[in-house]
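In the text below, chain A, chain B and the rest are named by the order of the sequence lines, each starting its count at 1.
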Amino acid sequence: MTGFMTRYKRTHSCGELRAGQAGETVVLMGWAHRRRDHGGVIFVDLRDREGVTQVVFNPEIAPEAHREAHRIRNEYVLAVRGTLRERLEGMTNPQLPTGEVELMVEELEILNESRTPPFVMEAETDVSETVRLKYRYLDLRREKIQKNLILRSTVAAATRNYLAERGFIEVETPFLTKSTPEGARDYLVPSRVNPGMFYALPQSPQIFKQLLMVSGLDRYYQIVKCFRDEDLRADRQPEFTQIDIEMSFITEDDLMNVIEGLMAAIFKVGIGMEPERPFPRLTWTEAMDRYGRDNPDTRFGLELENVTDIVRNCGFKVFAETATRGGVVKTLKIEDGRRLSRKDLDEMPGYVSDFGAKGLAWARVNEDGWTSPLFKYLTADEVAGINRRVKAAPGDLIFFVADSPGVANDALGNLRVRLAQKLGLIKPGSFSFTWITDFPMFEYSDTEKRYMATHHPFTAPVDDDIALLSTDPGKVRARAYDLVLNGSEIGGGSIRIHRSDVQSMVFKALELGDDEVRAKFGFLIDALEYGTPPHGGIAFGLDRIIMLMAGAESIRDVIAFPKTQKATCLLTDAPSPPSMEQLMELSLKVVRDKE
RNA sequence: GGGGUCGUAGUUAAGUUGGUUAUAACGCCGGCCUGUCACGCCGGAGGCCGUGGGUUCGAGUCCCAUCGACCCCGCCA
């Protein structure tokens, strides 16, 4: 039988038929998910985006269709017409939403055949990612990945609705744009028309969205690709998507209010979760003190304590010397330390050494002191003081790291998360939002030998700190904020500088030369001189948000066509060498680094 | 740039102190089977052991190099 497509239209999806529709004549189209051939009757699970329906080929009902059905193999594309039947008692499949019905096929057309697929299209599969990425179009047939893409689409739509309702205007900004200093490595695009010149793909539409505020657009948003040529991680891809937002005539509170509403809207529609509002706020200093990171996971306690003052003059040299040199001694206390196995404990020092810690001391708290290599070096007062500070009870375990504040926080902040995972302190399916505020404006870079912008160079300093820009840049606080969810930074932004004199002072503090500033963003300085409104904004990593919502372990599972850790695409084999003609046209020559 | 894990049929894995014909499951092909739904039963095919070099009488196994996938550090304003 041929001509099925012109004679019939699909009447239903494979996921919607129920017992109430029994008796109807229906037409389904989809893929043969699985075939069960009993010699007589043949069952095929027909699959499409919406689900699976069992279709039945019975030689007594439709001999011709039954004969043709013998040819069906996995992933063949089928069109079937037949009568829907309620399954008899004992023949239903409670695991399928459509399990109470089956389609008794009267007519079949095999619309297309399929080579034997390299893996089965099950929701759960243990196929290697290499194979999945090579055959991504097949991997995307799997329900699990399709669900993620659907979630992503739903969240993007909800974002557009929410922002449009509040007067935000979606504006597209250029991809072929100008390289900016600071920040990540740029992806460059050669200009054929301008030999030797290059565009840069945007790391974010930062400057354009600020210019739109100068233009009086007032409220802007865009769901937009951004590009950063840095090494990849489980949650980092070279091209990723931001929800980018900018608003005029606002303060931090105005923006946070809008954003909390946005988060509530997308988490509701995405996964039916309604976060408590307002979101808690932590200053950067507090976050570092208590959690050791500027992106603390606040789903559990396990906070760090600083005991530097107690051990400053103690008999344990490492502690005392670290304190004297301006370092810190910080602790992490585990209630009932026996929950950690010997093996767990053995792995801890290696783990903190990844973050630069030279050692990890420990103490088991007893009724009458500690079991610890440290115990004999400390006075009773010092031990009691530490116990009091960390609120230790007998049976508890205390970890110590003595180092520079940066290393100690990094080591213990990451150990904290690791231990919480080991101890099962993180409730699955829980979500905890936190704003981090009052970031330092600059961080001193040892490699560059100068201050670098913590956020970016257009971030406004706190008004009271403007005078410090020229005298003590390290003390200046920025009007920047990050939104952290479950230990991931999902978004960050700031109130921007809207005065050109302040902008110049910041460039000066960054030791960017006048010529460089002029060449790189003279246009922004100029723009700021034409009546720029106070403005600010934020940008969210859409991929990371979806990843958290979906509970995905990798950002690749929420991106249709992701890249490998080496930034290649196993499906298309990109990147690839250009032809000689292409190079000539672009006035380019490839120079291979011979060691 | 650095540290780690891994690479054996289409897929996922096993493979002992180096030893003769490299296993298993699923998938695939053929046969049987009219109520299965991870259908069942019988039979069969399928291997550049990532690649290159070395040690050895002999290498999936040991050594070196290299390629690739993943995780992490650096990096990611």
Side-chain donor-acceptor pairs under 3.5 Å in residues 502-515 of chain A, sequence neighbours left out?
from   : atom 1 : to     : atom 2 : distance (Å)
A:Q503 : NE2    : A:P457 : O      : 2.8
A:S504 : OG     : A:S500 : O      : 3.1

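- Dashed line: the shortest gap from a side-chain N or O of A:N93 to OP1 or OP2 of B:G35 is not under 4.0 Å.
- Distance noted for atom C1' between B:U8 and B:G50: 10 Å (whole Å).
- Each of A:E102 and A:R228 has a nearest nucleotide on RNA chain B; the 5'-most of these lies closest to A:E102.
- In the interface, the side chain of A:R35 is not paired with the base of B:G27 through any donor and acceptor atom under 3.5 Å apart.
- Taking atom CD of A:Q565 as the reference point, atom P of B:U5 lies 15 Å away to the nearest angstrom.
- A distance of about 35 Å separates the C1' atoms of B:G2 and B:U16, rounded to the whole Å.
- B:G4 atom P lies 16 Å from atom CZ of A:R233, rounded to whole Å.
- Using a 4.0 Å heavy-atom cutoff across all strands shown, A:T92 reaches at least one base atom of the nucleic acid.
- When every heavy atom of A:D297 is checked against every heavy atom of A:R416, the shortest pair comes out as O-NH2, 2.9 Å.
- With salt bridges taken as basic N to acidic carboxylate O contacts below 4.0 Å, none links A:E230 and A:R236.
- One interatomic measurement links the two molecules: CD of A:Q54 to P of B:G35, which rounds to 13 Å at whole-angstrom precision.
- Open room surrounds CD on A:E143; 12 or fewer heavy atoms of other groups in view lie less than 6.0 Å from it.
- For the pairing with A:Q210, the side-chain hydrogen bond (donor to acceptor under 3.5 Å, both in side chains) check across A:H535, A:H498, A:E246 returns one residue only, A:H535.
- Near RNA chain B, meaning a heavy atom under 4.0 Å away, the residues from residues 344-356 of chain A are A:D354, A:F355.
- Residue A:R556 places at least one side-chain N or O under 4.0 Å from the OP1 or OP2 atom of B:C71.
- Ion pairing of A:K330 with A:D403 is absent here, as no side-chain N (NZ or NE/NH1/NH2) approaches a carboxylate O to less than 4.0 Å.
- A close approach under 4.0 Å does occur between a side-chain nitrogen or oxygen of A:R36 and OP1 or OP2 of B:C39.
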Atom pairs under 3.5 Å, N or O on each side, protein against nucleotides 8-15 of chain B: can you list them with distances?
from  : atom 1 : to     : atom 2 : distance (Å)
B:G10 : O2'    : A:P118 : O      : 3.4
B:U11 : O4'    : A:P118 : O      : 3.3
B:U12 : OP1    : A:S128 : N      : 2.6
B:U12 : OP1    : A:S128 : OG     : 3.0
B:U12 : O2'    : A:D126 : OD2    : 3.3

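- Aromatic stacking of A:H38 on B:C39: satisfied, with centres closer than 5.5 Å and planes within an angle under 30 degrees.
- Donor-acceptor pairing under 3.5 Å, judged by distance alone, is present between the side chain of A:D231 and the base of B:G74.
- Across the P atoms, B:A25 and B:G44 are found 13 Å apart, a figure rounded to whole Å.
- A straight line from CG of A:D37 to P of B:U34 spans 10 Å, rounded to a whole angstrom.
- Checking the phosphate oxygens (OP1, OP2) of B:A38, a side-chain nitrogen or oxygen of A:Q95 falls inside 4.0 Å.
- Using C1' as the reference atom, B:U55 and B:C63 are 7 Å apart when rounded to the nearest Å.
- At a threshold of 4.0 angstrom between heavy atoms, the contacts of A:S204 include nucleobase atoms, whether or not backbone atoms are also involved.
- Between A:R293 and the options A:D410, A:N414, A:N409, a side-chain hydrogen bond (donor to acceptor under 3.5 Å, both in side chains) holds for only A:N414.
- Separating the C1' atom of B:U61 from that of B:U56 is a span of 13 Å, rounded to the nearest Å.
- Comparing B:C39 with B:G1, their P atoms are spaced 48 Å from each other, to the whole Å.
- B:C57 and B:C73 have their C1' atoms separated by 47 Å, with the value rounded to a whole Å.
- Map A:K566 and A:N414 each onto its nearest nucleotide of RNA chain B; the residue landing nearer the 5' end is A:K566.
- An OP1 or OP2 oxygen of B:C39 is reached within less than 4.0 angstrom by a side-chain nitrogen or oxygen of A:R34.
- Between the CG atom of A:N58 and the C1' atom of B:C33 there is a distance of 14 Å, given to the nearest Å.
- Two residues are said to be in side-chain contact when any heavy atoms from C-beta on lie closer than 4.5 Å; A:H70 and A:D37 meet this criterion.
- Atom-to-atom, CZ of A:F57 to P of B:U34 comes out at 17 Å; the value is rounded to the nearest Å.
- Regarding contacts with the backbone of B:C29, a side-chain N or O of A:R73 is found under 4.0 angstrom from either OP1 or OP2.
- Here A:R87 does not reach the OP1 or OP2 of B:U36: none of its side-chain N or O atoms lies under 4.0 Å away.
- Here B:U34 presents its P atom at 15 Å from CE of A:M91, a figure rounded to the nearest Å.
- Atom CD1 of A:I555 is separated from atom C1' of B:C71 by 15 Å (rounded to the nearest Å).
- For the C1' atoms, the distance from B:C49 to B:U11 is 16 Å, rounded to whole Å.
- Between A:R87 and A:E100 there is no salt bridge, since none of the side-chain N atoms of the basic residue sits less than 4.0 Å from a carboxylate O of the acidic one.
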